[in-house]
**Student:** 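Can you read through this structure? Questions will come right after.
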Amino acid sequence: FPQSTTFEGVGVHVDGRTVPPREEIRAMVLAGGGRYYNYFERSRVTHFVVENIPGAKLQFIRALENAGIHVVRPSWVTESEKQRKLRPVEGFRVDRVLDTKQKKLDVIAPKSVPVATNNSSLGVNRNISTNSGLSSRENPNFVREYFQQSRLSFIGTFKARFESILARIAENKGTSVSAMMSTAEQRRRFCEEHKLQRWILHVDMDCMFASVAVAKNPSLSGKPIAVCHGTSSAPNAARSRSEISSANYIAREAGIKAGMLLGTAIERCPSLVTVQYDFSAYEALGKAMFHIFFEITPLVEAVSVDEAFLDVTGIVPSDDMVKVAHNEQWDVTQLSHQEILAFYVRHKILLQTKCPASTGIGQNKLMAKVATRRAKPNGQFMVQPGEFSRIVSELSVSELPGIGWSTREKLTALNVLTCDQLRAVQLTKLREEFGAVLGTRIFDVCRGRDDSAVELLRIRQSVGVEINWGVRFLANEEDKVENMIREMVEVVLERLGEGSASKITFTELRSKTKSEPYKFLGHGICDVISRSGRTLVKGAGQVSCDFDVLAQACIELHRSIKIAPEDLRGVGIHLSGLRFPWLKLTVSEATTHGLDIRASKKEAIAGNVTFARDRELAVSEGEQLDVVISELEKARSLAASSVERNPTGPTRILAGAQYEFVLPTDADAIDRSVLAALPAEMRRTIEKQVSFQTALSTSTGSRVHHPTKKRRKLVVPRGQMTLTQLSRTQSSGFEKEKSINSNIAVQLNTKGRFSAPDLDSELLHVLSEWMTGVGALGHGKLEIVNKVKIISQWLTKLLNTDKFELARGIMTS
DNA sequence: ATCCTCCCCTAC
DNA sequence: TAAGGTAGGGGAGGAT
Ligand SMILES: Nc1ccn([C@H]2C[C@H](O)[C@@H](COP(=O)(O)OP(=O)(O)OP(=O)(O)O)O2)c(=O)n1
Ligand SMILES: [Mg+2]
Ligand SMILES: [Mg+2]
């Protein structure tokens, strides 16, 4: 909170390296009641603080001064603070490059400000950090190297690797994965039939990445350590924005957590020691851990590389296992089977890997998982029947699995902080606030209710790749951008393996700022723009996941987004609607219909899938499964025929369709004259959206949360076109900026059902009606339509068909 | 009641 | 300096 009013009404942005450093300037300004902007914002910054002006920046600085923004040296801030009064800016103007100053600065900060590449029209330091060799434009092996170094990619892809890990485990045991799966299924059924009391173990390694480092280098034990790419001994470590992946329990006492930035962590714990990643060691540790689990039961569910659920219902520990518990000086006669099993597992893991694991024990997965928190570090804890509510009563609601930052904030707003308080909230209230399913889930979770099964393997429904770090290109490097996209397609196809996908979603981040973000090569504040389409090849009438087809599709989607290469900060490619050679349905279809295709791949091939729950539509007989399959196949072929006729058109493919055309709503991208020509209601909606967005993008720095906005619909009179404002939120992650989604969808709704062959005519008709409807508004409408690139592409295609008359009519008008 | 699209949330 | 990914579940608002 401000301690004085010295800087009231002042907005400060610090550019480049300064003395004193920007952190101090920021503190002074904030303490004096002023505002500090990490990013330069023309409309809010009143004072642009900079030490000196290299030639490359001169033009930019001139423009600032012309716009009435004061460009001052840091001493303006320090002097004003000292005198508790704003100093006149005159005495603090910044000279052009000052040699003496430059030198002085060099002494203080040997690695002085990097040379600007100055490729932007404004002459700002757009690519100030592109001389490291690490960015996408400099590193020829950027995509592969990025994935090799990303710990989030490593943990995010673990489950996909688990199937082959399982195959190795099966091989070692002289069996096969499918045999293990049917054994698991038999066990489950046996327990159900005999109504045995369920007992679940949740095993989780203690500070896994950190423990691996300590095991390898025992001299680290006793010290506070953190795993990250940065180094605590580096000269600028206190400013490091390297993200911490795992911290040991000594470091945690000082408040260090996963996700924290190294600089912040060092501030809290100056003696913190950093260690580098060792992904192959984590993988090996994970494998060793799972080997041990399968000694006990085939009912194992991998949660992550360091964590699993074991369904140990009805399992009696062997004499060896009892001995282990006994050796730990426990009175085994006092221990339940599940506790002995937990001792055994933990003992064996520690013995084999030198890394400690903790175990929670409960009558369902939820209770076991919550128990693990109490067990850590290096312990075990059993939730006794009926004890759950008492155990969590005083804990924060965010201790409950599934309740994260957003839900906690919403509950806090309702004055609900503890699990006890949560239990006092009515089910109807929770459903009102969070929706039918989530509301019920929250209601159940705070009571320890959960009947989900321990699932050995799940078939994936989607696969994707994303890179939102290090993405930097120059204005003339569009070819490099497209090359990066191709390389990412290559990677996503490797991960897809034998599967194929029917839908593709392409996402890009576009920088909203003119300067580099605070995190080195980070994405900073961005708009998130996405486009989706079908992987259907015209003429072939079926999906294709050939490299060439997908690469082309992505590049077309990329071009339709129209981001200047120098503004690009991230790329994502996501494939969904997955099917596999041995499965008749897409994975999501099967899941939606309650089919248990996890039981066995072989059974699925035979169409002999027999498990279902919850839904009336559920299938319990092979015969009914066939009905579901044939219905879905009918729908699919209908869909395929309409998309086949219209591959670049609407993304929705089923008959009687919904079409969403998405256009970006960047303030700059909106043509004022077009806006002026729109009907008042529509104009207001757009204006509201744009100003809302601007408000969002400026509220960085502290933790802010804008609750999700409800969608606002707007129907164009006389037309069939509706303009829909999509819901949006902004929250800031832990010490991170967060980008926001920013699309307006123009939704074209057709009247009633129509048959697939009439699709084009119908759409043309509707579109022409709409055009007539807004025709009186002047030519502005055409520019709007032009922004809807996908419509005009589609119209152009139709010029070459028998519908050309209509199409030409629309284009002409 | 169910499906679709886009988006948000959660966990590691 | 630094590697801010990945996948699933589900809600809103719409169509059928
Ligand atoms: N935000 C996160 C969370 C986790 N991880 C990685 C590092 C962790 O070591 C590993 C396992 O995650 P856990 O949540 O199990 O965390 P730890 O094992 O580190 O600690 P704990 O003892 O709380 O389980 O995943 C990460 O890189 N970033
Ligand atoms: Mg762990
Ligand atoms: Mg874990």
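Residue numbering restarts at 1 for every chain, and letters A, B, ... go by the order of the sequence lines.
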**Student:** Take the protein atom CE of A:M260 and the nucleotide atom P of B:dC12, then report the distance between them rounded to whole Å.
**Tutor:** 17 Å
**Student:** NA contact type, A:L438, heavy-atom cut-off 4.0 Å: base, sugar-phosphate, or nothing?
**Tutor:** sugar-phosphate
**Student:** What's A:G464 touching, base or sugar-phosphate or nothing? Going by heavy atoms closer than 4.0 Å.
**Tutor:** sugar-phosphate
**Student:** Side chain of A:V465 only, please: which of C:dT6, C:dG8, B:dC12 is the nearest?
**Tutor:** C:dT6
**Student:** State whether A:K365 and A:E455 are salt-bridged, where the test is any N-O pair (Lys NZ or Arg NE/NH1/NH2 against Asp/Glu carboxylate O) under 4.0 Å.
**Tutor:** no
**Student:** Under 4.0 Å: is that the gap between some side-chain N or O of A:R239 and OP1 or OP2 of C:dA2?
**Tutor:** no
**Student:** Out of C:dA3, C:dG10, C:dA7, which nucleotide sits closest to the side chain of A:E145?
**Tutor:** C:dA3
**Student:** Take the protein atom CZ of A:R458 and the nucleotide atom C1' of C:dT6, then report the distance between them rounded to whole Å.
**Tutor:** 15 Å
**Student:** With respect to the side chain of A:A234, which nucleotide from C:dT1, C:dT6, C:dG9 is positioned closest?
**Tutor:** C:dT1
**Student:** When you check the side-chain N and O atoms of A:R239 and A:N236, is any donor under 3.5 Å from an acceptor?
**Tutor:** yes
**Student:** What nucleic acid atoms does A:F158 come within less than 4.0 Å of, heavy atoms only: base, sugar-phosphate, or nothing?
**Tutor:** nothing
**Student:** How is A:Q148 classified with respect to the nucleic acid when contacts are heavy atoms under 4.0 Å: base, sugar-phosphate, or nothing?
**Tutor:** nothing
**Student:** Whether A:D567 and A:R510 form a salt bridge (side-chain N of Lys/Arg under 4.0 Å from carboxylate O of Asp/Glu) is what I want to check.
**Tutor:** no
**Student:** Taking the minimum atom-to-atom distance to the side chain of A:K410, which one of C:dA3, B:dC9, B:dC12 wins?
**Tutor:** B:dC9
**Student:** For the residue pair A:F154 and A:Y277, is the inter-centroid distance of their aromatic rings smaller than 6.0 Å?
**Tutor:** no
**Student:** For the pair A:H202 and A:T372, evaluate side chain to side chain donor-acceptor pair (under 3.5 Å) and give the outcome as yes or no after the intermediate values.
**Tutor:** CA-CA 7 Å; A:H202 175 253; A:T372 303; 2.6 Å; yes
**Student:** For A:H229 and C:dA3, are the ring centres under 5.5 Å apart with planes inclined under 30°?
**Tutor:** no
**Student:** Let's see if you can work this out: which of B:dC9, C:dA3, C:dG5 has an atom nearest to the side-chain heavy atoms of A:T407?
**Tutor:** B:dC9
**Student:** Name the nucleic acid region contacted by A:V305, choosing base, sugar-phosphate or nothing; use a 4.0 angstrom heavy-atom cut-off, strictly under.
**Tutor:** nothing
**Student:** Would one find a side-chain N or O of A:S462 under 4.0 angstrom from OP1 or OP2 of C:dG8?
**Tutor:** yes
**Student:** Which one, C:dT6, C:dA3, B:dA11, comes nearest to the side chain of A:R495?
**Tutor:** C:dT6
